**Student:** 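If you scroll down you'll find the structure; I have some questions about it.
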Amino acid sequence: MKALTLLIALIGVVAAEVFLDERFSDGDAWEKRWIQSTNKGETAGKFVLTHGKFYGDAEKDLGIQTSQDARFYGLSTKFKPLSNKDKPLVLQFTVKHEQNIDCGGGYVKLFDCSLQQDDMHGDSPYLIMFGPDICGPSNKKVHVIFNYKGKNHLIKKEIRPKDDVYTHLYTLIVKPDQTYEVLIDNEKVESGDLESDWDFLPAKTIKDPAAKKPEDWDDRAKIDDPEDTKPADWDVPEHIADPEAKKPEDWDDEMDGEWEPAMIDNPAFKGEWKPKQIDNPAYKGVWVHPEIDNPEYAPDASIGKYDESCIIGFDLWQVKSGTIFDNVLVTDDIEEAKKIGDELWTATSKAEKKMKEAQEEEDRKKLEEEAKSKKEDNEDDDDEDEDDAEPSKPATPADDADSADHDEL
């Protein structure tokens, strides 16, 4: 039995496959593998190869960066066709919003093999859309969108992306049992089952259309106390004439009309009287509408499963460019994806932070030196101004005598 279990496990390992592992590590050769969409014409932005301003390894951290502000970006690549009908699907990539993005997408789209890559655009049908999308301080989310029967369905949960300037690893795992996981930096941030977290299907149950609340059903928890009566002195006017008001001496009734004192709030006014509340002895609780099985509901084992996919791409709009994408992975091997993520992202994240902190410290020292130098220059200018403004001393009697002696000579 143990031998059989081991054999099955080994078969699973052999069958696991990496369909795409794009690290942009071979110079400009990526441009031959990735197809630029021309659909947006002059409004299309260009991707450039770079490791950015701060990085861990100058070669390993090369990725493609959006390079033009306020542009559409359309770029895609093909890989060996895969089906996830009976095995996991893992989409993974790194995103680095080095520009401190204010509004723009950072997600990927998975397509079937029918996509015309050079004409890819926002309305091109896709299978899955996954990744961060940021636009303003209040609109930050990680999209997880599945296409089901020609309609795109958004996840009902809110997943917040990383919004700093460093590299982050995004992973989507879709399993054959129709469960999923979303990881950021190889840490699980969300998980569940597809049917529960998306509105793919009608509700399993509906309110029974034949059921009605009984007419004698009393759902009032409290009622008026029938023995409570309103006090005899309760009803008083809300406003009364100001007792301290006096008719002006120069008031002319014929010219000014009949004088009336100003009105003020009545301190004795208590508002509308209401009887006190007591527990309702006939209270039966809140009536719950009975539910029945929804005749339109039927489970569907095909949700999240696709016969064929072979293209992944970036279809984005960015107001402020500068995002670097790298380490694009498509596989059916969950453990391999985690291993690759750890190897690539962990080393990069620590090293790039160290470099950025060093750059910031260098910039700080430079600014301090510039400020110090400017202050010294200003002080020198002030000293020169004081020297120029100093008046010449008047001649003393002794000086006059010396002059006289010299004249004699």
Side-chain angles (χ1 to χ4, degrees), residues 22-24 27-56 58 61-77 93-109 111 115 117-124 126 129-143 145 159-170 184 311-328 345 348-349 352-353 355-357 359-360 362-363 366-367:
E22 176 63 84
R23 306 189 188 188
F24 302 100
D28 294 334
W30 69 273
E31 295 180 345
K32 297 178 181 179
R33 296 188 296 271
W34 291 76
I35 304 300
Q36 176 78 40
S37 172
T38 59
N39 180 273
K40 296 299 181 180
E42 295 181 356
T43 62
K46 183 180 180 181
F47 283 97
V48 296
L49 186 69
T50 180
H51 49 53
K53 298 175 183 177
F54 46 91
Y55 46 87
D61 291 345
L62 284 171
I64 53 172
Q65 182 181 49
T66 56
S67 65
Q68 297 167 282
D69 294 344
R71 289 289 190 273
F72 292 97
Y73 290 88
L75 193 70
S76 63
T77 189
F93 62 105
T94 58
V95 182
K96 180 183 181 184
H97 290 311
E98 189 176 74
Q99 76 279 38
N100 195 14
I101 194 168
D102 51 0
C103 187
Y107 43 80
V108 296
K109 290 181 177 181
F111 300 89
L115 176 72
Q117 291 177 260
D118 60 359
D119 190 47
M120 181 183 69
H121 52 84
D123 293 328
S124 297
Y126 60 85
M129 175 171 148
F130 169 64
D133 191 12
I134 295 174
C135 197
S138 60
N139 189 6
K140 300 179 181 182
K141 65 181 68 175
V142 175
H143 286 300
I145 303 175
I159 308 175
R160 190 171 179 84
K162 300 292 184 179
D163 57 1
D164 55 39
V165 298
Y166 298 107
T167 299
H168 292 287
L169 180 73
Y170 287 84
I184 300 179
I311 299 173
I312 193 168
F314 302 99
D315 174 32
L316 313 167
W317 162 262
Q318 288 198 343
V319 175
K320 187 178 180 182
S321 63
T323 300
I324 299 174
F325 299 95
D326 196 8
N327 306 309
V328 184
W345 176 80
T348 296
S349 63
E352 70 178 6
K353 286 182 180 180
M355 177 180 281
K356 188 172 190 306
E357 288 170 358
Q359 291 175 350
E360 290 174 345
E362 185 178 341
D363 291 342
K366 184 177 179 181
L367 289 173

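Computed from a predicted structure; not experimentally measured.
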**Student:** Pick from Gln359, Glu352, Lys353: which one makes a side-chain contact (heavy atoms from CB on, under 4.5 Å) with Met355?
**Tutor:**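 Result: among Gln359, Glu352, Lys353, Gln359 is the only option passing the side-chain contact (heavy atoms from CB on, under 4.5 Å) with Met355.
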**Student:** Tell me which pairs pass side-chain hydrogen bond (donor to acceptor under 3.5 Å, both in side chains) where either residue lies in residues 37-48, with sequence neighbours left out.
**Tutor:**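 As it turns out, the side-chain hydrogen bond (donor to acceptor under 3.5 Å, both in side chains) pairs with a partner in residues 37-48, which skip direct neighbours, are Asn39-Asp119.
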**Student:** Taking side chain to side chain contact (heavy atoms under 4.5 Å, CB included) as the test, write out the residues that go with Asp363, two or more places apart.
**Tutor:**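 Side chain to side chain contact (heavy atoms under 4.5 Å, CB included) check on Asp363 returns nothing, list empty.
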**Student:** For Phe24, which of Phe47, Phe93, Trp34 qualifies under ring pair (Phe, Tyr, Trp, His ring centres under 6.0 Å)?
**Tutor:** Trp34
**Student:** Please check: side-chain N/O of Gln117 versus main-chain N/O of Leu75, any donor-acceptor pairing under 3.5 Å?
**Tutor:**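 No: the side chain of Gln117 does not pair with the backbone of Leu75.
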**Student:** Could you tell me if Lys96 sits above the aromatic ring of Tyr55, with its cationic atom closer than 6.0 Å to the ring centre and no more than 45 degrees from the axis?
**Tutor:** no
**Student:** Go through the structure and list residues passing side chain to side chain contact (heavy atoms under 4.5 Å, CB included) with Glu357, not counting sequence neighbours.
**Tutor:**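 If we apply the side chain to side chain contact (heavy atoms under 4.5 Å, CB included) test to Glu357, skipping adjacent residues, there are no hits.
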**Student:** Looking at residues at least two apart in the chain, or sitting in another chain, which of them share a side chain to side chain donor-acceptor pair (under 3.5 Å) with Arg33?
**Tutor:** Glu22, Asp26
**Student:** Using a 3.5 Å cut-off and no angle test, enumerate the donor-acceptor pairs between side-chain atoms of residues 129-143 and protein atoms at least two apart in sequence or in another chain.
**Tutor:**
from   : atom 1 : to     : atom 2 : distance (Å)
Asp133 : OD2    : His143 : NE2    : 3.0
Lys140 : NZ     : Asp163 : OD2    : 2.7

**Student:** Nearest heavy-atom pair of Leu316 and Tyr107: which atoms, and what distance?
**Tutor:** CD2-O, 3.4 Å
**Student:** Please report the interatomic distance OH(Tyr73) to CD(Gln36), rounded to the nearest 0.5 Å.
**Tutor:**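 That separation rounds to 9.5 Å.
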**Student:** Distance check, rounded to the nearest 0.5 Å: Asn327 atom CG versus Leu62 atom CG?
**Tutor:** 10.5 Å
**Student:** Could you go through residues 317-326 and list every donor-acceptor pair under 3.5 Å that involves a side-chain atom there, pairing it with any protein atom two or more places apart or in another chain?
**Tutor:**
from   : atom 1 : to     : atom 2 : distance (Å)
Gln318 : OE1    : Thr66  : OG1    : 2.7
Gln318 : NE2    : Gly105 : O      : 3.0
Gln318 : NE2    : Thr323 : OG1    : 3.0
Lys320 : NZ     : Gln99  : O      : 3.1
Ser321 : OG     : Gln68  : N      : 3.3
Ser321 : OG     : Asp69  : OD1    : 2.9
Thr323 : OG1    : His97  : ND1    : 2.8
Thr323 : OG1    : Gln99  : NE2    : 2.9

**Student:** Looking only at non-hydrogen atoms, find the nearest pair between Trp345 and Thr167 and report the distance.
**Tutor:**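 Nearest pair, atom of Trp345 first, then Thr167: NE1-O, 2.8 Å.
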**Student:** Is it true that a side-chain atom of Asp61 and a backbone atom of Gly56 form a donor plus acceptor pair closer than 3.5 Å?
**Tutor:**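 Yes, because the side chain of Asp61 sits within donor-acceptor range (under 3.5 Å) of the backbone of Gly56.
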**Student:** Rounded to the nearest 0.5 Å, what separation is found between the NZ atom of Lys162 and the CG atom of Leu169?
**Tutor:**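 Going from NZ on Lys162 over to CG on Leu169, the span is 11.5 Å.
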**Student:** Nearest 0.5 Å please: distance from the CE atom of Met120 over to the CZ atom of Phe111.
**Tutor:**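 One gets 5.0 Å once the value is rounded to the nearest 0.5 Å.
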**Student:** How many angstroms lie between atom OG1 of Thr77 and atom CD1 of Ile311, to the nearest 0.5 angstrom?
**Tutor:** 9.0 Å
**Student:** Rounded to the nearest 0.5 Å, what separates atom CG in Asp315 from atom CG in Asp123?
**Tutor:** 9.0 Å
**Student:** Of all the heavy-atom pairs spanning Leu49 and Gly27, show the shortest one and how long it is.
**Tutor:**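 Between these two residues, the closest heavy atoms are CD2-O, 3.4 Å.
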**Student:** Of all the heavy-atom pairs spanning Tyr170 and Pro161, show the shortest one and how long it is.
**Tutor:**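 Taking every non-hydrogen atom into account, OH-CB, 3.5 Å.
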